[in-house]
Amino acid sequence: MPRISWEEYFMNIAKQVASRSTCDRKHVGAVIVRDKTILSTGYNGSIRGMPHCDEVGHLMENGHCVATIHAEANAVLQAAKNGVMINNGEIYITASPCWTCFKMLANAGIKKIYYGEFYRDKRSFDVAKKLGIKLIHIKVDQSKL
């Protein structure tokens, strides 16, 4: 059996990370990598120590659950909490980043964003091109998320 590509490998890990998500509206996982080494992971879920959406329900605003922190934000926060530099890294996310998360990833120095499913916001594509950040779509079997 041939080896899978690095991109498939890290996206498969992001899918596994998504299985820890606690917002049952959308399970998203993220893996930050540099030089083929995992630096941090994150999934969407509630603020640490707060009840989870899948336990108490959602806090909805404009069609979004605002009780959760997005997977990519949690991956960046986990790296910061542990003193891990992610500048010039890559991130693998099971869904494309929202505008707010894209801006955070850009300012954190992420140079490549691999994503599975497209999620809502196209603004990041034009800005990514201007900044030299690569946005790369990888097909993900959503039935397994």
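Position 1 is the first residue of the sequence, and the numbers go up from there.
- Contact detail for M11 and Y92: the closest heavy-atom pair is N-CD2, 4.0 Å.
- No side-chain N or O of T22 forms a donor-acceptor pair with one of D54 less than 3.5 Å apart.
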Handout entry: Pair L105-I93, side chain to side chain contact (heavy atoms under 4.5 Å, CB included): steps then yes or no
Key = CA-CA 12 Å; L105 294 171; I93 317 165; 4.1 Å; yes

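- Under the 3.5 Å distance criterion, the side-chain polar atoms of S21 are left unmatched by any main-chain donor or acceptor of Y43.
- Residue H52 holds its NE2 atom at 12.0 Å from CG of D24, rounded to the nearest 0.5 Å.
- Scanning all heavy atoms of the two residues, the minimum distance from N87 to R34 falls at O-NH1, 3.2 Å.
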Handout entry: Residue pair E7, K112: steps toward the salt bridge (charged side-chain N to carboxylate O under 4.0 Å, His left out) verdict
Key = CA-CA 11 Å; E7 290 80 11; K112 286 185 184 176; over 6 Å; no

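- Summarising the geometry, atom CD belonging to E8 is positioned 8.5 Å from atom NZ belonging to K15; distances are rounded to the nearest 0.5 Å.
- By the neighbour-count criterion of 12 heavy atoms within 6.0 Å, atom CD of E55 is densely surrounded, having more than that number from other residues, nucleotides or ligands.
- Using the six-membered ring where Trp is involved, Y115 and F125 have ring planes that are perpendicular, over 60° apart on the 30 and 60° scheme.
- Both M104 and L135 are assigned to one and the same hydrophobic cluster, defined by single-linkage of ILVMFWY side chains at heavy-atom distances under 4.5 Å.
- Note: Y9 and W6 have perpendicular aromatic rings, judged against thresholds of 30 and 60 degrees for the angle between ring planes.
- Looking at every heavy atom in both residues, E72 comes nearest to C98 through OE2-N, 4.0 Å.
- Heavy atoms only, all atoms of each residue included: N88 and K111 are closest at OD1-CE, 3.2 Å.
- With contacts defined as side-chain heavy-atom distances shorter than 4.5 Å, the pair E90/Y114 qualifies.
- If you take OG on S96 and CD on E117, they are separated by 7.5 Å, rounding to the nearest 0.5 Å.
- Under the 4.5 Å side-chain heavy-atom criterion for grouping Ile, Leu, Val, Met, Phe, Trp and Tyr, I136 is connected to I38 within one hydrophobic cluster.
- Surrounding NZ of K134 are at most 12 heavy atoms belonging to other residues, nucleotides or ligands under 6.0 Å away.
- Counting all heavy atoms, side chain and backbone alike, S40 lies closest to A75 at OG-O, 2.6 Å.
- A distance-only check finds a donor-acceptor pair linking the side chain of H137 to the backbone of G116 [under 3.5 Å].
- No more than 12 heavy atoms of other residues, nucleotides or ligands shown are found within 6.0 angstrom of CG on D35.
- Annotation: side chain of N44 is not in contact with side chain of N74 (no heavy-atom distance under 4.5 Å).
- Linking ILVMFWY residues whenever their side-chain heavy atoms come closer than 4.5 Å, directly or via other members, places I133 and I32 in the same cluster.
- Checked options V28, I110, I91, I113; the residue passing with P97 is I113 (criterion: side-chain contact (heavy atoms from CB on, under 4.5 Å)).
- Taken together through direct or relayed side-chain contacts under 4.5 Å among Ile, Leu, Val, Met, Phe, Trp and Tyr, I4 and I13 form part of one hydrophobic cluster.
- Using bins of under 30°, 30° to 60° and over 60° for the plane-to-plane angle, the ring pair Y119/H70 lands in the perpendicular bin.
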Problem - Worked verdict on Q16 versus N12 for side chain to side chain contact (heavy atoms under 4.5 Å, CB included) - result: CA-CA 6 Å; Q16 190 64 38; N12 285 343; over 6 Å; no

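- Cluster membership for L131 and I86, using ILVMFWY side-chain heavy atoms within less than 4.5 angstrom, is shared.
- Taking each heavy atom of C53 and S46 in turn, the nearest pair found is N-OG, 3.8 Å.
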